[in-house]
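Numbers restart at 1 for each chain; the letters A, B, ... are given by sequence-line order, proteins then strands. The analysis underlying the following values was restricted to heavy atoms, covering all of them including side chains, and did not include hydrogens, waters or symmetry mates.
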Protein chains: 2
Amino acid sequence: MKPTLQDVADAVGVSRSTVSNAYSRPDQLSAALRARILDAAGRLGYPGPNPTARSLRRGVVGAVGVLFTSRLSYAFTDPFAVRFLAGVGEAVERHGSNLLLVPLPAERARVRAAIDNAAVDGFCVYCAGDEDWALNAIRARGLPYVTTAPRADAGPTDRYVGIDERAAARSIADHVAALGHRRVALLGESVLPQAAAGPLRLAGPADAPHPTTRGRLTGFAEAFAAVGVEWSAVTVLNATDNSRAAGAAALSAALAGDRPPTAVLACSDVLALGALDALARAGERLAHPVSVTGFDDIAEAASAGLTTVRQPAEEKGRLAAALLLEPPADPADGHVLLPTDLVVRTSTGPAPRS
Amino acid sequence: MKPTLQDVADAVGVSRSTVSNAYSRPDQLSAALRARILDAAGRLGYPGPNPTARSLRRGVVGAVGVLFTSRLSYAFTDPFAVRFLAGVGEAVERHGSNLLLVPLPAERARVRAAIDNAAVDGFCVYCAGDEDWALNAIRARGLPYVTTAPRADAGPTDRYVGIDERAAARSIADHVAALGHRRVALLGESVLPQAAAGPLRLAGPADAPHPTTRGRLTGFAEAFAAVGVEWSAVTVLNATDNSRAAGAAALSAALAGDRPPTAVLACSDVLALGALDALARAGERLAHPVSVTGFDDIAEAASAGLTTVRQPAEEKGRLAAALLLEPPADPADGHVLLPTDLVVRTSTGPAPRS
DNA sequence: TTGAAAGCGATACCAC
DNA sequence: GTGGTATCGCTTTCAA
């Protein structure tokens with residue numbers, strides 16, 4: 001059997017408390033005794049206080065959970081998510097905690113269990129929007145959490161760090177509109193829950209259930225409405241997931257029509273890159289170059305010349321973790337909206353004269 | 001106070017054991033009673049068995065730790081590491097466990113504590129080579145672990161999943177040698193512990209302390225020795241970390257000399273991309289194009305046209321986790337060497353006639 | 001300074 | 001099918 005604190009105590013001839021103090025409160029005993037204890041522990045091969053037992057007793061785990069809606073492996077596949085995680089990691093590391101990655105199972109029934117079983121002191125929820133089940137489970141456990149977007153049902157003590165999705169989207173759409181584009185397509189992931197890839201009928205941006213997508217579509221719509229393009233004249237393209245391939249697939253369908261869009265505004269850089277792929281493949285069949293915009297400004301966006309909206313990914317993660325680990329005294333400080341920047345590159349250009 | 005299992009038991013008028021069974025062993029009680037218990041629990045707001053307490057009692061945590069030598073944020077910055085993690089995540093997820101990221105502190109004194117405090121059932125050690133302190137700490141805790149390379153001090157029961165570094169390096173160096181290159185530079189990270197950026201004096205590949213680097217340099221050296229290029233005629237370039245900037249910096253120095261190398265063989269794609277950056281900057285000052293090779297085959301390698309050695313990153317992670325979670329019956333199956341492939345792209349070409 | 005005692009919240013064996 | 005009881009390994013008053 002592995003030795004326990006008790007064994008060390010017996011070996012040295014002191015009580016458990018004293019051994020415990022030797023590890024956790026060195027100032028509570030003489031240096032000499034402490035040395036003897038640590039020495040004996042070394043001889044016995046005692047690995048130090050068992051973290052689980054210590055957590056149970058102290059009521060603190062020393063780990064923050066990061067919750068992803070999608071499969072855990074996705075967390076590492078999406079560049080933006082990776083950078084967010086890096087930020088969380090940095091803050092967590094500085095605080096001396098650990099980072100527990102919690103994949104959220106697809107089946108709702110298992111969501112509860114996944115959250116209930118995670119040994120953490122709180123959660124950073126990096127999610128898509130339909131995370132209600134997860135949030136309820138977290139609340140049920142009574143754990144603190146931080147989301148990456150304001151939520152409709154947020155109470156005053158809820159904490160989040162996000163961006164102004166609508167305004168950010170509007171800024172990039174204004175740019176596209178200013179270039180003269182009027183026949184545009186908006187490209188989003190899972191715009192409607194089970195929708196197929198490609199064009200989609202959506203009564204209005206407000207109908208998109210996913211808050212992030214909704215915010216962005218709303219911003220896009222506003223910009224075009226301002227130049228006289230009604231929502232009904234806008235094409236909405238659905239991608240089945242947030243991947244390059246899905247982005248390409250979603251656009252391909254629309255490209256085949258007789259009046260293809262002159263600009264595609266995507267809700268993520270990954271989708272936008274996919275759109276560029278599709279355009280490259282369509283190639284010479286297209287009469288005019290099609291403008292494309294992304295969202296996030298991931299590393300690949302720069303090399304691809306993608307016009308996009310930059311949001312501070314690492315900073316988002318860092319702040320989210322900080323908000324969790326050191327709750328602000330004033331609850332109002334728990335609501336953070338990070339700045340975004342329009343980054344104009346070569347993927348957008350003037351609309352062709354029609 | 002948050003309700004505990006005891007409270008639920010009291011509320012329903014049964015014993016703790018029964019409530020526990022309601023959660024963990026549904027077949028041990030009648031469906032009706034179980035329903036009553038779960039119902040009461042819901043009313044009371046009982047969040048289900050406390051994971052920490054359960055872990056303590058069961059002696060199993062339900063999480064695997066991934067240990068990184070470098071800062072936690074680095075784990076997400078290096079594309080190869082990210083893909084490795086994705087693989088681990090996949091396996092862990094399938095197994096119903098969680099993934100605890102453990103950053104290894106730079107100060108040795110804190111290494112022990114970091115490992116002792118991690119609530120995990122075992123470790124995947126994704127490290128650079130000087131992880132001895134960490135491994136000793138893991139062994140001291142008596143936890144199982146899997147490394148990403150065979151180790152010199154490996155016992156028969158040690159598990160690892162790696163590649164044949166030497167052979168892989170040899171294959172790509174053979175390719176470069178066959179192209180006629182004789183004046184070559186080898187580019188590695190921290191070839192010697194505290195070395196500065198740029199050319200380095202190294203008596204032989206065996207002198208590189210870091211096993212991975214040592215293996216690769218050895219393979220490189222072999223290939224050139226086979227065509228008559230002695231080790232002393234080879235330039236060794238040191239990068240201060242595994243980043244594109246560091247790779248560029250390391251090569252820049254060498255480029256300034258009067259007899260720059262005609263080929264640069266890097267120990268990672270990231271360094272190789274940095275080398276390409278440096279070459280692009282040097283530009284027209286160079287009489288001939290310089291061939292560059294990488295290692296790993298990360299995503300950027302393809303778009304950069306980098307000739308490299310592909311190793312299955314996700315698979316490595318997946319297997320490492322699998323080896324940890326389901327130890328093979330035969331210890332011999334705990335030693336896995338994954339296949340690698342030489343991927344020839346455009347970054348290598350014939351040596352200029354001298 | 002040191003130690004005795006009381007849990008932290010749950011599980012699992014073994015009677016009933 | 002259900003409950004008693006003994007842990008799991010440690011921390012922490014509080015008194016000596």
Side-chain angles (χ1 to χ4, degrees), chain A residues 1-38 40-41 44-62 113 116-121 140-143, chain B residues 1-38 40-41 44-62 113 116-121 140-143:
Chain A
M1 246 345 259
K2 250 183 288 189
T4 72
L5 188 147
Q6 176 77 70
D7 297 325
V8 179
D10 292 347
V12 183
V14 296
S15 78
R16 302 207 297 266
S17 336
T18 306
V19 178
S20 175
N21 283 336
Y23 282 95
S24 312
R25 309 163 62 171
D27 52 315
Q28 297 296 299
L29 35 52
S30 65
L33 179 53
R34 175 152 190 267
R36 262 176 60 214
I37 292 177
L38 261 29
L44 265 55
Y46 175 64
N50 173 315
T52 307
R54 163 178 278 176
S55 293
L56 176 58
R57 185 61 238 237
R58 296 228 253 232
V60 169
V61 178
D116 286 343
N117 289 325
V120 298
D121 298 316
R141 260 190 78 177
L143 289 179
Chain B
M1 249 342 261
K2 250 184 286 186
T4 71
L5 186 147
Q6 175 78 69
D7 298 323
V8 179
D10 292 348
V12 183
V14 296
S15 79
R16 301 207 296 268
S17 329
T18 306
V19 178
S20 175
N21 283 335
Y23 282 94
S24 313
R25 310 164 62 173
D27 52 316
Q28 297 296 301
L29 37 49
S30 65
L33 178 54
R34 174 153 193 268
R36 265 176 58 214
I37 292 176
L38 261 30
L44 264 54
Y46 173 65
N50 174 315
T52 306
R54 165 179 277 177
S55 293
L56 176 58
R57 185 58 241 239
R58 296 227 254 229
V60 167
V61 178
D116 286 344
N117 289 326
V120 299
D121 298 316
R141 260 190 80 178
L143 290 179

Between B:A53 and B:D27, which residue's closest nucleotide on DNA chain D lies nearer the 5′ terminus? B:D27
Look at the side-chain N and O atoms of B:T4 and state whether any lies under 4.0 Å from the OP1 or OP2 oxygen of C:dG9. no
Nearest to the side chain of A:R58 - D:dT12, C:dA12, D:dC10? D:dT12
Would you state whether a donor and an acceptor, one from the side chain of B:R16 and one from the base of D:dG4, lie under 3.5 Å apart? no
For residues A:L29 and A:I37, determine if any side-chain heavy atom of one lies less than 4.5 Å from a side-chain heavy atom of the other. yes
Is there a side-chain contact between A:D116 and B:P51 in this structure, where contact means two heavy atoms from C-beta onward sitting under 4.5 Å apart? no
In whole Å, I'd like the distance from the NZ atom of B:K2 to the P atom of C:dG9. 9 Å
Rounded distance (Å) that lies between atom P of D:dT7 and atom CG of A:N50: 18 Å
Rounded to whole Å, CG of B:L44 lies from P of C:dG9 at a distance of 14 Å
Under 4.0 Å: is that the gap between some side-chain N or O of A:Y23 and OP1 or OP2 of D:dG9? no
At less than 4.0 Å, is any side-chain N or O atom of B:R54 found next to OP1 or OP2 of C:dT11? Yes or no. yes
Select base, sugar-phosphate, or nothing to describe what B:V14 touches, counting heavy atoms under 4.0 Å on all strands. sugar-phosphate
Measure from CG on A:N117 to P on C:dA10 and round the result to the nearest Å. 12 Å
Minimum-distance nucleotide (side-chain atoms of B:R57 versus D:dT11, D:dG3, C:dG9): C:dG9
If you define the side chain from C-beta out and look only at heavy atoms, does anything of A:Q28 sit under 4.5 Å from A:S17? no
Side chain of B:S17 only, please: which of C:dA12, C:dT11, C:dA5 is the nearest? C:dA12
Confirm from the modelled atom types if B:R25 and C:dT11 form a donor-acceptor pair under 3.5 Å, side chain to base only. no
Is any side-chain heavy atom of A:D7 less than 4.5 Å from a side-chain heavy atom of A:Y46? no
Report the nucleotide, chosen from D:dT12, C:dT2, D:dG4, that has the shortest atom-to-atom distance to any side-chain atom of B:S15. D:dG4
Using a cut-off of less than 4.0 Å, is there contact between a side-chain N or O of B:T18 and OP1 or OP2 of D:dG3? yes
Hey, does A:Y23 have a side-chain heavy atom less than 4.5 Å from the side chain of A:L5? no
Rounded to whole Å, the CG-C1' distance (A:L5 to C:dA5) equals 15 Å
Counting just side-chain N and O atoms, does A:S24 come under 4.0 Å of either OP1 or OP2 of D:dT11? yes
Report the distance from atom CD of A:Q6 to atom P of C:dA4, rounded to the nearest whole Å. 10 Å
Taking the side chain of B:S30 as heavy atoms from C-beta outward, which of C:dG9, D:dT2, D:dC10 is closest to it? D:dT2
DNA chain C nearest-nucleotide lookup for B:L56 and B:N21: closer to the 5′ end is B:L56
Heavy atoms, side chains only, cut-off 4.5 Å: are B:V61 and B:V120 in contact? no
